[in-house]
Peer 1: 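Take a look at this one; I'll ask things after.
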Number of protein chains: 2
Amino acid sequence: MNETPAGRPTLETVARAAGASRATVSRVVNGSTTVRPDVAESIRRAIADLGYVPNPAARSLVTQRTDSIALILPESATRVFSDDAFFPGVIRGVGEVLEKADKQLVLLLASTQSSHDRILRYVHGRTVDGVVLASMHGADTLPEELRAAGVPVVTSGRPLGEATVPYIDVEHASGVEAAMRHLVGLGRRRIATIAGPQDMVAGRERLAGYLSGLEALPGAVPLVEEGDFMRQSGIDAMERLLERDPDIDGVFAASDLMADGALRTLRRLGRRVPDDVAVIGFDDVEAARFTDPPLTTVHQPIHEIGTRLAEQILRLVAGEEVEASVVLPTHLVVRESA
Amino acid sequence: MNETPAGRPTLETVARAAGASRATVSRVVNGSTTVRPDVAESIRRAIADLGYVPNPAARSLVTQRTDSIALILPESATRVFSDDAFFPGVIRGVGEVLEKADKQLVLLLASTQSSHDRILRYVHGRTVDGVVLASMHGADTLPEELRAAGVPVVTSGRPLGEATVPYIDVEHASGVEAAMRHLVGLGRRRIATIAGPQDMVAGRERLAGYLSGLEALPGAVPLVEEGDFMRQSGIDAMERLLERDPDIDGVFAASDLMADGALRTLRRLGRRVPDDVAVIGFDDVEAARFTDPPLTTVHQPIHEIGTRLAEQILRLVAGEEVEASVVLPTHLVVRESA
DNA sequence: ATGAAAGCGCTAACAA
DNA sequence: TTGTTAGCGCTTTCAT
């Protein structure tokens, strides 16, 4: 009567119920084939009866694995979070793959100053087997520190520093160049750009694509205003652009949100799109199909970035080699705005 | 020479380096006051020198705590994820509070059929101390099952079933009623609604608010079309509404995204907003400020829902009592569309 | 104020 | 094929 199994069942409980040893039960739980079928069967029944679930802490302690992967979103990411579909898309992609692999997704939102240390501490504690870094800012030393800590890491977007961690990125420049060719082919000659933040790879490479695309126009001068990828900054940048040159007839914005902002300013200042000014964005987020007019944009496979990130980190964690970089293609999606 | 400290430092390593016992080091690590200052100091130095970080698995094994909280996003949530700012906002809010409390946020995306069991298994394994459920569908049995499993749970939105778990929600109906009063006050007499899915509390209560608000209009007949909270469904529902009654002069849409969709259909079919038709949405997401015209909408404190959820679950996990429900206020934000 | 020792639940040699 | 045994790294009585 004082044998009441107090807490949740352990291996020991199951072993006793099934008349086997802890080791054998463990074998069944972990799918070892070297267990006699009938024994395995009775153990499985006992497990079901008792509602036994392995204690992950105990398992981690001995296996040195946690079966969980951290996804670190830097400050800028959480800021953008509210209206940008990029990070949610990446989270979904990563989550899907990890779920299939039976790994847990631990989200680390690096929102404050102190969180840098906190994350390092966390990772050092080996609470996760690997880290996916949604790296955005070039100045970030995190990728390199994580690599130095000996933790498998893969980042979204080529790290700007000297870090040599594997990454997944997209063909920013060539996508933008396609957009520029399209504008030029449309006969546009005064093409401006609303660039992204220049401390992020995406911002830089998309600007580079604009500049190189502009070379197809002999004598054309670059017309650049910088935004922060968000809508309001597109609204403002477009105003500055028109002040500098009222005769702009084409705009490439480094994000769909900024392109949408540009659309609003153009409309407000009496320009017709695409008649007077053709506009192209970048990202191909859901919202781009619903701007007025619908946005011609450079498509990047956001969801696939997520799945690839997850696949790579799983490979690294498993001790396999991975390519130093995977660069996914982008392509122009032509809609009514250009 | 064969004394090389192979792996990462453990309590034992630190203890030896500081000339103390494991127990004392543990006391210092956990901030016990019963350690002589100078001893504590030398231990702290050893910890810093060696770069010691506690092993969470070992700690969890003995303390029976994991210091991590799961945020479960049901299937519908991940579907909505791409263009709706609700879940990202909640994630941010939850993340912020948990970060301050030094708890980890484990994201469980319940995207497939099998994930229901998987989640239950996961929670039973006590990998998390508590669960925040972004409950959406009424039919969901998860809240009750989790409660039955003895895990602290709090849900976002009142669970539709018989589950008796604490929840955080907003004043759907009264917010909608304010919107309806506004429309009526504007002189609108043929007011339709684009309702949300009727298997979600939010969908049901907002519809209830519309119906009750309509009572201020003697003889007015309800005009309801259902959507799924997303933009496209708003576009479609508005079409059906106008087919049923071309003279509609007011619309309440149960989400900003659907309201934006309605705006598009109205414009396409030659209606001026708000002159011919006044439109009001719900949510007050960032995008609502950028529709054309800007959307009058019922504001709900998305971020606060997240922070409240986190606060409640922390309280529950700490063994404290919490209110059975917290219902946050909503209010009308008047912009140009109504 | 400090240390010795037990044990959390599990896996992985090693024996049998 | 199965069981015995030794830890994984930590917290926590219980002595001292």
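The chains referred to below are lettered A, B, ... by the order of the sequence lines, with proteins before strands, and numbering in each begins at 1. Hydrogens, waters and symmetry mates are skipped; everything else that's a heavy atom, side chains included, is used.
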Peer 1: Looking only at side-chain N and O atoms, does B:Thr24 come under 4.0 Å of OP1 or OP2 in C:dG3?
Peer 2: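 Yes, because at least one side-chain N or O of B:Thr24 sits under 4.0 Å from OP1 or OP2 of C:dG3.
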Peer 1: Using atom CG of B:Asn30 as one end and atom P of D:dG9 as the other, report the distance to the nearest whole Å.
Peer 2: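 Atom-to-atom, B:Asn30 to D:dG9, this comes out as 17 Å.
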Peer 1: For D:dT2, take OP1 and OP2 only and decide whether either is under 4.0 Å from a side-chain N or O of A:Ser21.
Peer 2: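 No, A:Ser21 has no side-chain N/O under 4.0 Å of OP1/OP2 on D:dT2.
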Peer 1: Please give me every residue in residues 32-66 of chain A whose heavy atoms get under 4.0 Å of an atom in DNA chain D, ordered by residue number.
Peer 2: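 When residues 32-66 of chain A is checked for heavy atoms under 4.0 Å from DNA chain D, the hits, listed by number, are A:Thr34, A:Val35, A:Arg36, A:Val39, A:Leu61, A:Val62.
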Peer 1: With a cut-off of 3.5 Å and sequence neighbours excluded, list every side-chain donor-acceptor pair involving residues 309-318 of chain A.
Peer 2:
{"from": "A:Gln312", "atom 1": "OE1", "to": "A:Arg315", "atom 2": "NH1", "distance (Å)": "3.0"}

Peer 1: Looking at C:dT11, C:dG3, D:dT11, which one has an atom nearest to any side-chain atom of B:Leu11?
Peer 2: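 For the B:Leu11 side chain, the nearest candidate turns out to be D:dT11.
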Peer 1: List the atom pairs, with distances to 0.1 Å, where a side-chain N or O of residues 40-58 of chain A and a protein N or O form a donor-acceptor pair under 3.5 Å, not counting sequence neighbours.
Peer 2:
{"from": "A:Ser42", "atom 1": "OG", "to": "A:Val39", "atom 2": "O", "distance (Å)": "3.0"}
{"from": "A:Asn55", "atom 1": "OD1", "to": "A:Ala57", "atom 2": "N", "distance (Å)": "2.8"}
{"from": "A:Asn55", "atom 1": "OD1", "to": "A:Ala58", "atom 2": "N", "distance (Å)": "3.1"}

Peer 1: Do any pairs count as a salt bridge (charged side-chain N to carboxylate O under 4.0 Å, His left out) and have a residue in residues 28-40 of chain A, sequence neighbours left out, and if so which ones?
Peer 2: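 Counting only pairs at least two positions apart or across chains, the salt bridge (charged side-chain N to carboxylate O under 4.0 Å, His left out) contacts touching residues 28-40 of chain A are A:Arg36-A:Asp38.
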Peer 1: For B:Asp67 and D:dT11, what is the distance between atoms CG and P respectively, to the nearest whole Å?
Peer 2: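 After rounding, the reported distance stands at 11 Å.
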Peer 1: Taking B:Asp129 for its side chain and B:Ile69 for its backbone only, find out whether a donor-acceptor pair lies under 3.5 Å.
Peer 2: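 Absent.
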Peer 1: Rounded to whole angstroms, how far apart are CZ on A:Arg22 and P on D:dT4?
Peer 2: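 Rounded to the whole Å, the gap is 10 Å.
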Peer 1: Hey, is the main chain of B:Thr127 close enough, under 3.5 Å, to the side chain of B:Thr66 for a donor-acceptor pair?
Peer 2: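 Flag set: sc B:Thr66 to bb B:Thr127 pair under 3.5 Å.
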Peer 1: Is there a donor-acceptor pair under 3.5 Å between the side chain of A:Ser68 and the backbone N or O of A:Lys103?
Peer 2: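 Such a contact is absent between A:Ser68 side chain and A:Lys103 backbone.
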Peer 1: Taking only residues two or more places apart in sequence, or in another chain, which ones meet A:Gln64 in a side-chain contact (heavy atoms from CB on, under 4.5 Å)?
Peer 2: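 A:Gln64 satisfies side-chain contact (heavy atoms from CB on, under 4.5 Å) with no other residue.
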Peer 1: Measure all distances between protein nitrogen or oxygen atoms and nitrogen or oxygen atoms of nucleotides 14-16 of chain C, and list the pairs falling under 3.5 Å.
Peer 2:
none

Peer 1: So, applying side-chain contact (heavy atoms from CB on, under 4.5 Å) with B:Leu73, which one of B:Val132, B:Val90, B:Ile91, B:Leu108 is it?
Peer 2: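 By the side-chain contact (heavy atoms from CB on, under 4.5 Å) criterion, B:Leu73 pairs with just one of B:Val132, B:Val90, B:Ile91, B:Leu108: B:Ile91.
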Peer 1: Could you tell me how far apart B:Arg16 (CZ) and D:dC10 (P) are, to the nearest whole angstrom?
Peer 2: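 It is 13 Å, rounded to the nearest whole Å.
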